[in-house]
Amino acid sequence: MDNESRIRGLIRPDIWDIDPYAAVEPVERLAARVGVPVEQVIKLDANENPYGCSPEVQRALASFSRYHIYPDPLCSEMQEILQRYTGAAADRILIGSGSDEIIDILMRLFLRPGDKVIVCPPTFGYYQSSAAFCAAELVRVPRQGDYGIDVDGVVQAVDGATKLIFIASPNNPTGNTIGEHELRVMLETGVAVVVDEAYAEFSGKTVLPLTDEHDNLIVLRTFSKWAGLAGLRFGYGILPMVLVQQAIKMKPPYNVNLAAQIAVKASLEDIENLIDRVNTIRGERERLYNGLKELDYLLPHPSEANFILCRVVRGGLGRVRQALEGRGIFVRYYSDPLLDGCLRISVGTPDQNAVVLERLREIGSALTDE
Ligand SMILES: Cc1ncc(COP(=O)(O)O)c(C=O)c1O
């Protein structure tokens, strides 16, 4: 037996079958791939905040002098700060290195091999990867024609092995939110329902108040999108206190780095500025949507988040991709058959959105001339 087969035989055999999560490429690699200078790249592929983080974050990070000391493993100060931001009690807040980590912790907390987790595709791909790491069974209940949740389908899919239902609201990549009635029906099943509100600040909607009534409702949030801290990694979950206490046992001791904690504190001290930017992005979302709607080869889907899903109904996705990338414009493309012919455009600055629309109009004219 050669060395690779021997070492391969030591790890879990099921890991070989997991498809890696399709994360976005770093901007330098994108630029090099299409031969465009990095400064000219318009990166609208990861729902990042086009304005960056608050300037207060940069000041706070530069003036901090205790990076050589481990952070508080319980993140108590962060819990209190987030209690003020969310209104949820501090001891119900679990903090992680991005909401990705909270997703992972929850999967490990609830799922033994063979247990089931329900997702409603098309949705955020990391739920599938994270469930696979636990050797859990992923039950897919596809969304309906308008991307609404098939609530009856979800309820029917629940059985004795089902532990978790994951719903993103607004959903990535479709941009729509869950209605309160639909959520209540799912909560009635008694299974833990995780509502991932990574984009809640862009929709102005949250199901957080329902956590007071339902101890099987968990809400996830992040600072990656609205606060522009994707690169620093800070997310949190709001869950019953007993679950926070158990979850803490399962996380690495110092999972949330000090820079992220300082950045979150500074962001919340500059919240008015950040919310102004969120409002600008919301306005730009409408402008971009209206511009996309005018193009007869694209079918944009209304969105309550900071991105817009679009189906290419004429001309072919490959052609659109080639034309956009040739100009250094990067958006997200999908391999999921439910999203065949779709791309997702993150809302950029007014200038970026204008360039994207102009380029898409040019592509449209070329199609018409043929
Ligand atoms: C629905 C959803 N949840 C969670 C995440 C992960 O966010 P974070 O950067 O906090 O790990 C994303 C990121 O794109 C997302 O779209």
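First listed ligand is number 1; within each ligand, the first listed atom is number 1.
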Could you check whether [X] pairs with [Y] (Lys NZ or Arg NE/NH1/NH2 to Asp/Glu carboxylate O, under 4.0 Å)?
X      : Y      : answer
Glu304 : Arg285 : no
Asp104 : Lys251 : no
Glu325 : Arg321 : yes
Asp150 : Arg143 : no
Lys163 : Glu137 : no

Please write down residue, atom name and distance for the protein heavy atom closest to [atom].
atom                    : answer
atom 9 (O) of ligand 1  : Ser224 OG, 2.6 Å
atom 13 (C) of ligand 1 : Lys225 NZ, 3.2 Å
atom 11 (O) of ligand 1 : Arg233 NH2, 2.7 Å
atom 3 (N) of ligand 1  : Asp196 OD2, 2.5 Å

What part of [X], side chain from CB on, backbone N/CA/C/O, both or neither, has a heavy atom under 4.0 Å from ligand 1?
X      : answer
Ser99  : both
Asp100 : both
Glu101 : neither
Tyr126 : neither

Any side-chain donor near an acceptor of the partner, Tyr199 and Asn306, under 3.5 Å: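 No, because no side-chain N or O of Tyr199 sits under 3.5 Å from a partner of the opposite role on Asn306.
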